[in-house]
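Since the structure is predicted, the reported quantities are computational estimates derived from the model, not experimental observations.
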Amino acid sequence: MSETAKQKALDGISQNESRIINISDKIWEFAELGLQEFKSSSLIAEELRKAGFKVQMGVAGMPTAFVATYGSGRPVIGVMGEYDALPGLSQKPIPTKAPLKEGAPGHGCGHNIHGVSGMAGTIGAKVAMEAAGMKGTLKFFGTPAEESASGKVFMVREGVFDGVDAVLSHHSSSMNTADLSSSLANNSVKFHFHGVSAHAAGSPEQGRSAMDAVELMNIGVNFLREHVIQEARVHYVVEAGGDQPNVVPAYSRSWYLIRAPERDQVDEIYSRILEIAKGATMMTGTTYKLEFIKAVYNKLPNRVLSELVVSNMRQIGAPRYTEEEQRFAKEISKTITSEMKRGSLRKSKRPGWEKLMDIDLDQTIPDAWDEGDVSPGSTDVSDVSWKTPTMEFNTATFVLGTPGHSWQNVAQSGMGLGHKSLIFGAKTLSTSVIDLLTKPEVLKRAQDEFAQRLAGRVYKSPLPPEVKPPLNLWSK
(Lines give C-alpha, C1' and ligand atoms only; values in the text may rest on other atoms or scores of the structure.)
Protein backbone atom coordinates (compact mmCIF):
# COMPACT_ATOMS: atom_id res chain seq x y z
CA MET A 1 0.00 0.00 0.00
CA SER A 2 2.83 2.38 0.87
CA GLU A 3 4.38 2.49 -2.62
CA THR A 4 0.99 2.85 -4.33
CA ALA A 5 0.09 5.66 -1.95
CA LYS A 6 3.40 7.38 -2.60
CA GLN A 7 2.80 7.32 -6.33
CA LYS A 8 -0.64 8.82 -5.78
CA ALA A 9 0.96 11.67 -3.83
CA LEU A 10 3.69 12.20 -6.42
CA ASP A 11 1.20 12.25 -9.27
CA GLY A 12 -0.95 14.79 -7.42
CA ILE A 13 2.01 17.13 -6.92
CA SER A 14 3.12 16.76 -10.55
CA GLN A 15 -0.37 17.49 -11.85
CA ASN A 16 -0.53 20.68 -9.74
CA GLU A 17 3.05 21.76 -10.32
CA SER A 18 2.25 25.06 -12.04
CA ARG A 19 -0.24 26.01 -9.31
CA ILE A 20 2.29 25.21 -6.57
CA ILE A 21 4.98 27.27 -8.30
CA ASN A 22 2.56 30.17 -8.76
CA ILE A 23 1.82 30.27 -5.02
CA SER A 24 5.53 30.25 -4.20
CA ASP A 25 6.17 33.08 -6.67
CA LYS A 26 3.37 35.15 -5.13
CA ILE A 27 4.91 34.77 -1.68
CA TRP A 28 8.29 35.66 -3.18
CA GLU A 29 6.68 38.87 -4.46
CA PHE A 30 4.93 39.59 -1.15
CA ALA A 31 8.28 39.36 0.72
CA GLU A 32 6.72 40.08 4.12
CA LEU A 33 8.80 40.45 7.27
CA GLY A 34 8.39 38.22 10.30
CA LEU A 35 5.00 38.44 12.07
CA GLN A 36 3.82 40.65 9.19
CA GLU A 37 3.24 37.75 6.75
CA PHE A 38 -0.51 38.36 6.48
CA LYS A 39 -0.87 37.77 2.74
CA SER A 40 1.59 34.88 2.68
CA SER A 41 0.07 32.93 5.56
CA SER A 42 -3.47 33.55 4.32
CA LEU A 43 -2.59 32.27 0.86
CA ILE A 44 -1.13 29.01 2.18
CA ALA A 45 -3.89 28.53 4.75
CA GLU A 46 -6.61 29.05 2.16
CA GLU A 47 -5.04 26.47 -0.15
CA LEU A 48 -5.06 23.94 2.69
CA ARG A 49 -8.65 24.83 3.54
CA LYS A 50 -9.68 24.21 -0.07
CA ALA A 51 -7.95 20.82 0.11
CA GLY A 52 -10.14 19.75 3.03
CA PHE A 53 -8.07 20.75 6.04
CA LYS A 54 -9.51 22.43 9.12
CA VAL A 55 -7.52 25.60 9.67
CA GLN A 56 -7.02 27.42 12.96
CA MET A 57 -5.49 30.86 12.44
CA GLY A 58 -3.75 33.07 14.97
CA VAL A 59 -2.34 30.37 17.24
CA ALA A 60 0.06 31.19 20.11
CA GLY A 61 -0.82 34.88 19.99
CA MET A 62 0.51 35.41 16.45
CA PRO A 63 -1.99 36.38 13.73
CA THR A 64 0.18 34.80 11.01
CA ALA A 65 0.68 31.46 12.79
CA PHE A 66 -1.75 28.65 12.04
CA VAL A 67 -2.40 24.91 12.21
CA ALA A 68 -4.18 22.96 9.44
CA THR A 69 -5.47 19.49 10.36
CA TYR A 70 -6.79 16.52 8.40
CA GLY A 71 -7.80 13.06 9.64
CA SER A 72 -8.05 11.64 13.15
CA GLY A 73 -6.28 9.30 15.51
CA ARG A 74 -2.67 8.16 15.62
CA PRO A 75 -0.12 8.53 14.34
CA VAL A 76 -0.06 12.31 14.21
CA ILE A 77 2.50 13.50 11.67
CA GLY A 78 3.39 17.17 11.36
CA VAL A 79 4.90 19.24 8.56
CA MET A 80 6.21 22.75 9.12
CA GLY A 81 6.35 25.70 6.75
CA GLU A 82 7.92 29.17 6.95
CA TYR A 83 7.17 32.26 4.85
CA ASP A 84 8.99 35.29 6.28
CA ALA A 85 11.40 37.44 4.26
CA LEU A 86 14.49 39.40 5.30
CA PRO A 87 14.85 43.21 5.40
CA GLY A 88 16.75 45.07 2.71
CA LEU A 89 17.18 42.16 0.27
CA SER A 90 14.78 43.11 -2.51
CA GLN A 91 16.04 41.65 -5.79
CA LYS A 92 14.75 40.89 -9.27
CA PRO A 93 14.93 37.24 -10.43
CA ILE A 94 17.98 37.97 -12.57
CA PRO A 95 21.67 37.00 -12.05
CA THR A 96 22.91 40.55 -11.46
CA LYS A 97 22.25 42.70 -8.41
CA ALA A 98 19.14 44.78 -9.08
CA PRO A 99 16.54 45.46 -6.37
CA LEU A 100 12.86 45.31 -7.23
CA LYS A 101 12.46 48.14 -4.75
CA GLU A 102 15.45 49.74 -3.05
CA GLY A 103 15.60 48.85 0.66
CA ALA A 104 12.56 46.54 0.57
CA PRO A 105 12.56 42.99 1.95
CA GLY A 106 13.42 39.90 -0.07
CA HIS A 107 13.38 36.12 0.36
CA GLY A 108 17.08 35.71 1.09
CA CYS A 109 16.58 32.32 2.77
CA GLY A 110 14.09 30.78 0.38
CA HIS A 111 11.13 30.83 2.73
CA ASN A 112 8.78 31.44 -0.18
CA ILE A 113 9.73 27.87 -1.11
CA HIS A 114 9.74 26.54 2.46
CA GLY A 115 6.11 27.24 3.29
CA VAL A 116 4.73 26.15 -0.07
CA SER A 117 6.72 22.91 -0.27
CA GLY A 118 5.30 22.02 3.15
CA MET A 119 1.79 22.89 2.03
CA ALA A 120 2.07 20.92 -1.22
CA GLY A 121 3.73 17.93 0.46
CA THR A 122 1.03 17.81 3.12
CA ILE A 123 -1.78 18.03 0.58
CA GLY A 124 -0.09 15.30 -1.48
CA ALA A 125 0.02 13.03 1.54
CA LYS A 126 -3.62 13.81 2.30
CA VAL A 127 -4.69 12.82 -1.22
CA ALA A 128 -2.86 9.50 -0.80
CA MET A 129 -4.38 8.93 2.66
CA GLU A 130 -7.84 9.54 1.33
CA ALA A 131 -7.40 7.23 -1.66
CA ALA A 132 -5.92 4.40 0.42
CA GLY A 133 -8.14 4.83 3.47
CA MET A 134 -5.14 5.36 5.76
CA LYS A 135 -5.64 6.11 9.43
CA GLY A 136 -3.90 8.92 11.21
CA THR A 137 -3.74 12.70 11.42
CA LEU A 138 -1.86 15.21 9.31
CA LYS A 139 -0.96 18.61 10.75
CA PHE A 140 0.59 21.47 8.82
CA PHE A 141 2.13 24.14 11.05
CA GLY A 142 2.36 27.60 9.53
CA THR A 143 5.26 29.07 11.49
CA PRO A 144 6.06 32.79 11.16
CA ALA A 145 9.14 34.87 11.83
CA GLU A 146 11.86 32.21 11.89
CA GLU A 147 14.40 34.88 10.95
CA SER A 148 13.50 37.40 13.62
CA ALA A 149 11.11 36.43 16.42
CA SER A 150 11.35 32.61 16.24
CA GLY A 151 7.62 31.99 16.10
CA LYS A 152 7.93 28.24 16.71
CA VAL A 153 9.23 28.85 20.23
CA PHE A 154 6.02 30.63 21.16
CA MET A 155 4.03 27.83 19.51
CA VAL A 156 5.94 25.19 21.47
CA ARG A 157 5.39 27.12 24.71
CA GLU A 158 1.65 27.20 24.07
CA GLY A 159 1.48 23.43 23.47
CA VAL A 160 0.79 23.65 19.72
CA PHE A 161 3.15 20.72 19.03
CA ASP A 162 1.97 18.55 21.94
CA GLY A 163 0.83 15.09 20.91
CA VAL A 164 2.61 15.13 17.53
CA ASP A 165 4.50 11.87 16.87
CA ALA A 166 7.06 13.26 14.40
CA VAL A 167 7.64 16.45 12.42
CA LEU A 168 9.24 17.05 9.03
CA SER A 169 10.33 20.30 7.43
CA HIS A 170 12.06 21.35 4.21
CA HIS A 171 14.50 24.19 3.60
CA SER A 172 16.35 25.64 0.63
CA SER A 173 20.11 25.10 0.45
CA SER A 174 22.90 24.45 -2.03
CA MET A 175 22.91 20.68 -1.36
CA ASN A 176 20.40 17.84 -1.08
CA THR A 177 20.92 16.79 2.54
CA ALA A 178 19.14 15.61 5.66
CA ASP A 179 21.81 16.76 8.06
CA LEU A 180 22.59 15.48 11.54
CA SER A 181 24.34 18.53 12.94
CA SER A 182 23.10 20.46 15.94
CA SER A 183 22.76 24.26 16.00
CA LEU A 184 23.45 27.14 18.35
CA ALA A 185 20.98 28.07 21.06
CA ASN A 186 20.46 31.81 21.37
CA ASN A 187 18.88 34.79 23.10
CA SER A 188 17.78 37.94 21.27
CA VAL A 189 17.34 41.03 23.44
CA LYS A 190 17.20 44.80 23.12
CA PHE A 191 18.69 47.19 25.69
CA HIS A 192 16.86 50.53 25.99
CA PHE A 193 19.11 53.04 27.78
CA HIS A 194 17.64 56.23 29.24
CA GLY A 195 19.63 59.29 30.28
CA VAL A 196 19.19 63.06 30.48
CA SER A 197 19.48 65.42 27.53
CA ALA A 198 21.46 68.64 27.74
CA HIS A 199 23.37 71.07 25.53
CA ALA A 200 26.53 69.13 24.67
CA ALA A 201 28.68 72.29 24.66
CA GLY A 202 26.86 74.75 26.95
CA SER A 203 25.90 72.44 29.84
CA PRO A 204 27.33 68.95 29.28
CA GLU A 205 27.65 68.44 33.06
CA GLN A 206 23.86 68.36 33.28
CA GLY A 207 23.54 65.58 30.71
CA ARG A 208 23.67 61.81 31.16
CA SER A 209 24.38 60.19 27.82
CA ALA A 210 22.41 57.07 26.98
CA MET A 211 24.75 56.62 24.01
CA ASP A 212 27.74 56.51 26.36
CA ALA A 213 26.03 53.62 28.15
CA VAL A 214 25.53 51.77 24.87
CA GLU A 215 29.19 52.26 23.93
CA LEU A 216 30.50 51.21 27.34
CA MET A 217 28.30 48.12 27.30
CA ASN A 218 29.61 47.22 23.85
CA ILE A 219 33.20 47.65 25.06
CA GLY A 220 32.53 45.45 28.06
CA VAL A 221 30.98 42.72 25.92
CA ASN A 222 33.90 42.85 23.50
CA PHE A 223 36.33 42.31 26.37
CA LEU A 224 34.12 39.45 27.57
CA ARG A 225 34.73 37.58 24.30
CA GLU A 226 38.15 36.41 25.54
CA HIS A 227 36.52 34.72 28.51
CA VAL A 228 33.71 32.67 26.97
CA ILE A 229 33.88 29.36 25.14
CA GLN A 230 35.25 29.73 21.63
CA GLU A 231 32.09 28.29 20.05
CA ALA A 232 29.98 31.16 21.45
CA ARG A 233 28.92 34.05 19.26
CA VAL A 234 27.76 37.52 20.33
CA HIS A 235 26.50 40.01 17.72
CA TYR A 236 24.98 43.44 18.19
CA VAL A 237 23.80 46.53 16.37
CA VAL A 238 23.11 50.04 17.66
CA GLU A 239 19.56 50.86 16.57
CA ALA A 240 19.31 54.35 18.09
CA GLY A 241 22.13 56.60 19.22
CA GLY A 242 20.83 60.14 19.41
CA ASP A 243 19.63 62.83 17.03
CA GLN A 244 22.45 65.34 16.61
CA PRO A 245 25.88 65.77 18.21
CA ASN A 246 25.21 69.00 20.12
CA VAL A 247 22.48 67.31 22.20
CA VAL A 248 23.42 64.74 24.84
CA PRO A 249 21.40 61.64 23.84
CA ALA A 250 18.66 60.91 26.37
CA TYR A 251 17.79 57.63 24.67
CA SER A 252 19.82 54.95 22.90
CA ARG A 253 19.15 51.35 22.01
CA SER A 254 21.21 48.28 21.12
CA TRP A 255 20.08 44.85 19.95
CA TYR A 256 22.05 41.77 20.98
CA LEU A 257 22.06 38.16 19.78
CA ILE A 258 23.91 35.72 22.07
CA ARG A 259 24.62 32.18 20.83
CA ALA A 260 26.28 29.01 22.17
CA PRO A 261 26.06 25.25 21.48
CA GLU A 262 23.94 24.43 24.55
CA ARG A 263 21.03 26.23 26.17
CA ASP A 264 22.69 26.45 29.60
CA GLN A 265 25.81 28.00 28.04
CA VAL A 266 23.72 30.79 26.54
CA ASP A 267 22.08 31.38 29.92
CA GLU A 268 25.46 31.74 31.64
CA ILE A 269 26.89 34.17 29.04
CA TYR A 270 23.64 36.13 29.02
CA SER A 271 23.75 36.61 32.80
CA ARG A 272 27.24 38.10 32.47
CA ILE A 273 26.09 40.45 29.70
CA LEU A 274 23.28 41.68 31.95
CA GLU A 275 25.89 42.58 34.57
CA ILE A 276 27.88 44.48 31.95
CA ALA A 277 24.75 46.46 31.01
CA LYS A 278 24.18 47.27 34.66
CA GLY A 279 27.81 48.39 34.97
CA ALA A 280 27.40 50.69 31.96
CA THR A 281 24.48 52.45 33.64
CA MET A 282 26.46 52.85 36.88
CA MET A 283 29.33 54.49 34.98
CA THR A 284 27.05 56.90 33.13
CA GLY A 285 24.28 57.69 35.59
CA THR A 286 21.69 56.22 33.26
CA THR A 287 19.10 53.45 33.49
CA TYR A 288 18.07 50.69 31.13
CA LYS A 289 15.06 48.54 30.39
CA LEU A 290 15.36 45.12 28.84
CA GLU A 291 13.19 44.02 25.91
CA PHE A 292 13.44 40.25 25.55
CA ILE A 293 12.69 39.42 21.90
CA LYS A 294 13.09 35.64 21.75
CA ALA A 295 15.26 32.65 22.59
CA VAL A 296 15.81 29.21 21.08
CA TYR A 297 17.36 25.87 21.97
CA ASN A 298 20.04 23.89 20.19
CA LYS A 299 18.77 21.27 17.73
CA LEU A 300 18.41 17.54 18.42
CA PRO A 301 19.01 15.62 15.16
CA ASN A 302 17.42 12.28 14.28
CA ARG A 303 19.29 9.71 12.18
CA VAL A 304 16.23 7.52 11.57
CA LEU A 305 14.37 10.43 9.98
CA SER A 306 17.48 11.51 8.08
CA GLU A 307 17.85 8.08 6.51
CA LEU A 308 14.14 7.97 5.70
CA VAL A 309 14.24 11.32 3.92
CA VAL A 310 17.43 10.52 1.99
CA SER A 311 15.92 7.20 0.85
CA ASN A 312 12.87 8.99 -0.54
CA MET A 313 14.99 11.68 -2.16
CA ARG A 314 16.90 9.01 -4.04
CA GLN A 315 13.74 7.20 -5.11
CA ILE A 316 12.34 10.43 -6.52
CA GLY A 317 15.63 11.53 -8.04
CA ALA A 318 17.27 14.94 -7.90
CA PRO A 319 15.96 17.55 -10.36
CA ARG A 320 17.42 17.96 -13.83
CA TYR A 321 17.92 21.51 -15.03
CA THR A 322 17.08 23.15 -18.33
CA GLU A 323 19.75 24.89 -20.41
CA GLU A 324 18.27 28.23 -19.38
CA GLU A 325 18.51 27.33 -15.68
CA GLN A 326 22.10 26.17 -16.12
CA ARG A 327 23.00 29.44 -17.85
CA PHE A 328 21.39 31.37 -14.99
CA ALA A 329 23.43 29.33 -12.50
CA LYS A 330 26.62 30.02 -14.47
CA GLU A 331 25.96 33.76 -14.34
CA ILE A 332 25.30 33.61 -10.59
CA SER A 333 28.54 31.65 -10.11
CA LYS A 334 30.45 34.57 -11.66
CA THR A 335 29.38 36.71 -8.67
CA ILE A 336 30.93 34.22 -6.22
CA THR A 337 34.73 34.25 -5.97
CA SER A 338 36.64 30.99 -5.83
CA GLU A 339 37.81 31.98 -2.34
CA MET A 340 34.19 32.40 -1.18
CA LYS A 341 33.20 29.06 -2.69
CA ARG A 342 36.20 27.23 -1.25
CA GLY A 343 35.51 28.66 2.18
CA SER A 344 31.85 27.67 2.03
CA LEU A 345 32.57 24.11 0.89
CA ARG A 346 35.39 23.64 3.39
CA LYS A 347 33.14 24.85 6.18
CA SER A 348 30.55 22.22 5.22
CA LYS A 349 33.10 19.49 6.10
CA ARG A 350 31.53 17.35 3.42
CA PRO A 351 33.86 14.49 2.46
CA GLY A 352 35.39 15.17 -0.94
CA TRP A 353 34.20 18.78 -1.03
CA GLU A 354 37.16 19.68 -3.21
CA LYS A 355 35.51 17.83 -6.12
CA LEU A 356 32.61 20.31 -5.99
CA MET A 357 34.75 23.37 -6.73
CA ASP A 358 34.05 23.21 -10.49
CA ILE A 359 30.35 22.38 -10.12
CA ASP A 360 27.58 25.00 -10.06
CA LEU A 361 24.53 22.90 -9.19
CA ASP A 362 24.86 19.88 -6.91
CA GLN A 363 22.66 17.04 -8.16
CA THR A 364 23.96 14.37 -5.79
CA ILE A 365 22.13 13.09 -2.69
CA PRO A 366 24.75 12.14 -0.09
CA ASP A 367 24.20 10.45 3.25
CA ALA A 368 24.42 12.82 6.20
CA TRP A 369 28.08 13.27 7.17
CA ASP A 370 27.89 15.81 9.98
CA GLU A 371 26.67 14.06 13.13
CA GLY A 372 28.35 15.63 16.14
CA ASP A 373 28.97 18.95 14.37
CA VAL A 374 27.35 22.18 15.51
CA SER A 375 26.07 24.56 12.86
CA PRO A 376 27.07 28.20 13.47
CA GLY A 377 23.47 29.28 12.87
CA SER A 378 20.34 29.04 14.97
CA THR A 379 16.76 28.03 14.22
CA ASP A 380 13.47 27.73 16.07
CA VAL A 381 13.11 24.26 14.52
CA SER A 382 15.37 23.31 17.43
CA ASP A 383 12.68 23.88 20.03
CA VAL A 384 10.32 21.57 18.15
CA SER A 385 13.11 18.96 18.08
CA TRP A 386 13.03 18.89 21.90
CA LYS A 387 9.32 18.03 21.85
CA THR A 388 9.14 15.31 19.17
CA PRO A 389 11.39 13.59 16.59
CA THR A 390 12.12 16.29 14.00
CA MET A 391 13.95 16.50 10.68
CA GLU A 392 14.43 19.59 8.55
CA PHE A 393 16.08 18.50 5.31
CA ASN A 394 17.51 20.57 2.45
CA THR A 395 17.18 20.54 -1.31
CA ALA A 396 19.55 22.28 -3.70
CA THR A 397 18.19 25.68 -4.65
CA PHE A 398 21.33 27.77 -4.85
CA VAL A 399 24.60 27.59 -6.73
CA LEU A 400 27.31 26.04 -4.59
CA GLY A 401 29.10 28.75 -2.60
CA THR A 402 26.18 31.19 -2.65
CA PRO A 403 26.41 33.26 0.54
CA GLY A 404 23.47 33.00 2.89
CA HIS A 405 20.96 35.84 3.19
CA SER A 406 22.18 37.41 -0.04
CA TRP A 407 20.68 38.99 -3.16
CA GLN A 408 21.84 35.89 -5.04
CA ASN A 409 19.60 33.75 -2.81
CA VAL A 410 16.62 35.99 -3.55
CA ALA A 411 17.21 35.83 -7.30
CA GLN A 412 17.49 32.03 -7.34
CA SER A 413 14.46 31.54 -5.07
CA GLY A 414 12.22 33.37 -7.52
CA MET A 415 12.99 31.44 -10.73
CA GLY A 416 13.47 27.95 -12.17
CA LEU A 417 16.18 26.81 -9.76
CA GLY A 418 13.90 27.60 -6.84
CA HIS A 419 10.93 26.00 -8.59
CA LYS A 420 12.81 22.71 -9.05
CA SER A 421 13.83 22.72 -5.38
CA LEU A 422 10.25 23.47 -4.35
CA ILE A 423 8.73 20.51 -6.20
CA PHE A 424 11.52 18.12 -5.14
CA GLY A 425 11.05 19.17 -1.52
CA ALA A 426 7.28 18.77 -1.68
CA LYS A 427 7.57 15.28 -3.16
CA THR A 428 10.14 14.25 -0.56
CA LEU A 429 7.89 15.50 2.22
CA SER A 430 4.80 13.71 0.95
CA THR A 431 6.51 10.33 0.52
CA SER A 432 8.29 10.59 3.88
CA VAL A 433 5.01 11.45 5.62
CA ILE A 434 3.37 8.41 4.04
CA ASP A 435 6.18 6.18 5.34
CA LEU A 436 5.65 7.51 8.86
CA LEU A 437 1.91 6.89 8.57
CA THR A 438 2.25 3.34 7.25
CA LYS A 439 5.45 2.01 8.84
CA PRO A 440 5.00 2.03 12.61
CA GLU A 441 8.38 0.35 13.11
CA VAL A 442 10.16 3.32 11.50
CA LEU A 443 8.23 5.83 13.61
CA LYS A 444 9.03 3.86 16.78
CA ARG A 445 12.73 3.81 15.96
CA ALA A 446 12.66 7.58 15.43
CA GLN A 447 10.92 8.04 18.77
CA ASP A 448 13.34 5.71 20.55
CA GLU A 449 16.27 7.69 19.15
CA PHE A 450 14.59 10.92 20.24
CA ALA A 451 14.31 9.63 23.81
CA GLN A 452 17.94 8.54 23.73
CA ARG A 453 19.14 11.97 22.58
CA LEU A 454 17.05 13.70 25.23
CA ALA A 455 18.94 11.62 27.81
CA GLY A 456 16.39 12.39 30.52
CA ARG A 457 16.49 16.15 29.97
CA VAL A 458 13.22 18.04 30.01
CA TYR A 459 12.46 20.97 27.74
CA LYS A 460 11.76 24.22 29.55
CA SER A 461 10.79 27.20 27.45
CA PRO A 462 13.70 29.66 27.21
CA LEU A 463 11.19 32.52 27.10
CA PRO A 464 10.43 34.39 30.32
CA PRO A 465 6.73 33.78 31.14
CA GLU A 466 5.79 37.41 30.62
CA VAL A 467 7.31 37.65 27.13
CA LYS A 468 4.76 37.78 24.33
CA PRO A 469 5.36 37.58 20.56
CA PRO A 470 6.89 40.93 19.47
CA LEU A 471 4.13 41.83 17.03
CA ASN A 472 5.45 45.38 16.65
CA LEU A 473 9.06 44.35 16.13
CA TRP A 474 9.42 46.23 12.84
CA SER A 475 7.61 49.40 13.92
CA LYS A 476 10.34 50.52 16.30
Side-chain angles (χ1 to χ4, degrees), residues 1-3 5-6 71-80 118 121-122 125 129 134-141 152-153 155-157 159-171 177-183 185 261-264 296-315 365-375 379-394 428-462:
M1 179 178 74
S2 175
E3 295 309 310
K6 285 183 180 181
S72 61
R74 308 302 281 265
V76 180
I77 307 300
V79 175
M80 294 188 290
T122 306
M129 282 182 72
M134 292 182 206
K135 294 182 180 179
T137 303
L138 289 178
K139 287 195 172 187
F140 177 88
F141 298 94
K152 296 181 193 67
V153 185
M155 295 170 77
V156 170
R157 185 178 69 176
V160 175
F161 289 92
D162 289 357
V164 181
D165 293 310
V167 170
L168 298 175
S169 187
H170 162 238
H171 203 288
T177 61
D179 69 84
L180 290 171
S181 64
S182 183
S183 60
E262 298 284 345
R263 183 66 241 168
D264 60 343
V296 302
Y297 265 65
N298 48 296
K299 186 170 63 177
L300 296 181
N302 194 287
R303 178 171 288 278
V304 172
L305 294 181
S306 172
E307 292 174 351
L308 175 68
V309 165
V310 167
S311 174
N312 281 308
M313 278 179 155
R314 289 172 177 164
Q315 286 182 22
I365 304 173
D367 292 324
W369 65 86
D370 54 357
E371 184 161 12
D373 289 348
V374 179
S375 165
T379 173
D380 55 6
V381 171
S382 300
D383 291 70
V384 180
S385 78
W386 280 72
K387 297 295 289 184
T388 189
T390 302
M391 169 51 59
E392 182 167 86
F393 66 92
N394 302 313
T428 302
L429 280 169
S430 65
T431 52
S432 299
V433 166
I434 289 167
D435 279 334
L436 292 172
L437 287 168
T438 59
K439 297 178 179 179
E441 71 281 3
V442 175
L443 182 56
K444 185 178 187 305
R445 286 196 292 114
Q447 292 174 332
D448 289 345
E449 180 183 346
F450 169 67
Q452 184 179 22
R453 291 185 186 272
L454 271 180
R457 294 174 292 178
V458 177
Y459 176 85
K460 179 184 177 183
S461 178

Assess the residue pair D264 and R457 against the criterion (salt bridge (Lys or Arg N to Asp or Glu O under 4.0 Å)); give the C-alpha distance rounded to whole Å, side-chain angles, the decisive distance to 0.1 Å, and a yes or no.
CA-CA 12 Å; D264 60 343; R457 294 174 292 178; over 6 Å; no
Donor on one side chain, acceptor on other, S382 and S183, under 3.5 Å
yes
Can you see which heavy atom on V381 is nearest to which on E392, and at what distance?
CG2-OE2, 3.3 Å
Side chains of Q315 and K6, heavy atoms from C-beta outward: is any pair under 4.5 Å?
yes
Note, F393 side chain near V310 side chain (heavy atom, < 4.5 Å):
no
Distance col, row M80:CE vs K152:NZ, nearest 0.5 angstrom, shows 5.5 Å
Heavy-atom closest pair, residues G163 and R74:
O-NH2, 3.7 Å
Just by modelled atom types, is the I365 backbone N or O under 3.5 Å from a matching donor or acceptor in the R314 side chain?
yes
Nearest heavy-atom pair of P75 and L443: which atoms, and what distance?
CB-CD2, 3.6 Å
So do the side chains of V304 and V442 get within less than 4.5 Å of each other, counting heavy atoms only?
yes
Flag, side chain of T137 to backbone of G73, donor-acceptor distance under 3.5 Å
yes
Hey, what do you get for OG (S182) to CG (L300), rounding to the nearest 0.5 Å?
7.0 Å
Run the side chain to side chain contact (heavy atoms under 4.5 Å, CB included) check on V156 and V384 step by step: do they pass?
CA-CA 7 Å; V156 170; V384 180; 4.0 Å; yes
Could you check F141, W386, Y459 and say which one makes a ring-ring contact (aromatic ring centres under 6.0 Å, His included) with F161?
F141
So V309 and E307, do their side chains get closer than 4.5 Å, heavy atoms only?
no
So does K460 get a backbone contact from the side chain of R157, meaning a donor-acceptor N/O pair under 3.5 Å?
no
Chi angles and distances behind the side chain to side chain contact (heavy atoms under 4.5 Å, CB included) call for T390, T388
CA-CA 6 Å; T390 302; T388 189; 3.8 Å; yes
Kindly compute the distance separating CD (E3) from CD1 (I434), expressed to the nearest 0.5 Å.
9.0 Å
Apply the test salt bridge (Lys or Arg N to Asp or Glu O under 4.0 Å) to residues K444 and E441: give CA-CA distance (whole Å), side-chain angles for both, the deciding distance (0.1 Å), then the verdict.
CA-CA 5 Å; K444 185 178 187 305; E441 71 281 3; over 6 Å; no
Can N298 and V374 be said to form a side chain to side chain contact (heavy atoms under 4.5 Å, CB included), step by step?
CA-CA 9 Å; N298 48 296; V374 179; over 6 Å; no
Tell me whether T431 contacts the main-chain N or O of T428 through its side chain, where contact means a donor paired with an acceptor under 3.5 Å.
yes
Please evaluate residues D383 and K387 with respect to the criterion salt bridge (Lys or Arg N to Asp or Glu O under 4.0 Å), reporting the C-alpha separation (whole Å), side-chain torsions for both, the decisive distance (0.1 Å), and the verdict.
CA-CA 7 Å; D383 291 70; K387 297 295 289 184; over 6 Å; no
So, the side chain of T122 versus the backbone of G118: is there a donor-acceptor pair under 3.5 Å, distance only?
yes
Return the CG to CG distance between D435 and N312, rounded to the nearest 0.5 Å.
5.0 Å
For residues S181 and S375, report the shortest heavy-atom separation together with the two atoms involved.
OG-CB, 4.2 Å
Under the side chain to side chain contact (heavy atoms under 4.5 Å, CB included) criterion, do L305 and L436 qualify, and how do the steps go?
CA-CA 9 Å; L305 294 181; L436 292 172; 3.9 Å; yes
With a 3.5 Å distance limit and no angle check, can you tell me whether N302 reaches the backbone of A446 through a side-chain donor-acceptor pair?
yes
Which residue, R453, Q452, Q447, forms the side-chain hydrogen bond (donor to acceptor under 3.5 Å, both in side chains) with E449?
R453
How many angstroms lie between OG in S432 and NE2 in H170, if you round to the nearest 0.5 Å?
11.0 Å
Ignoring hydrogens and angles, tell me if any N or O in the side chain of D165 forms a donor-acceptor pair with the backbone of I77 under 3.5 Å.
no
Nearest 0.5 Å please: distance from the CZ atom of R303 over to the CZ atom of R445.
11.5 Å
Closest non-hydrogen atom pair between S430 and A125, with its separation
CB-N, 4.0 Å
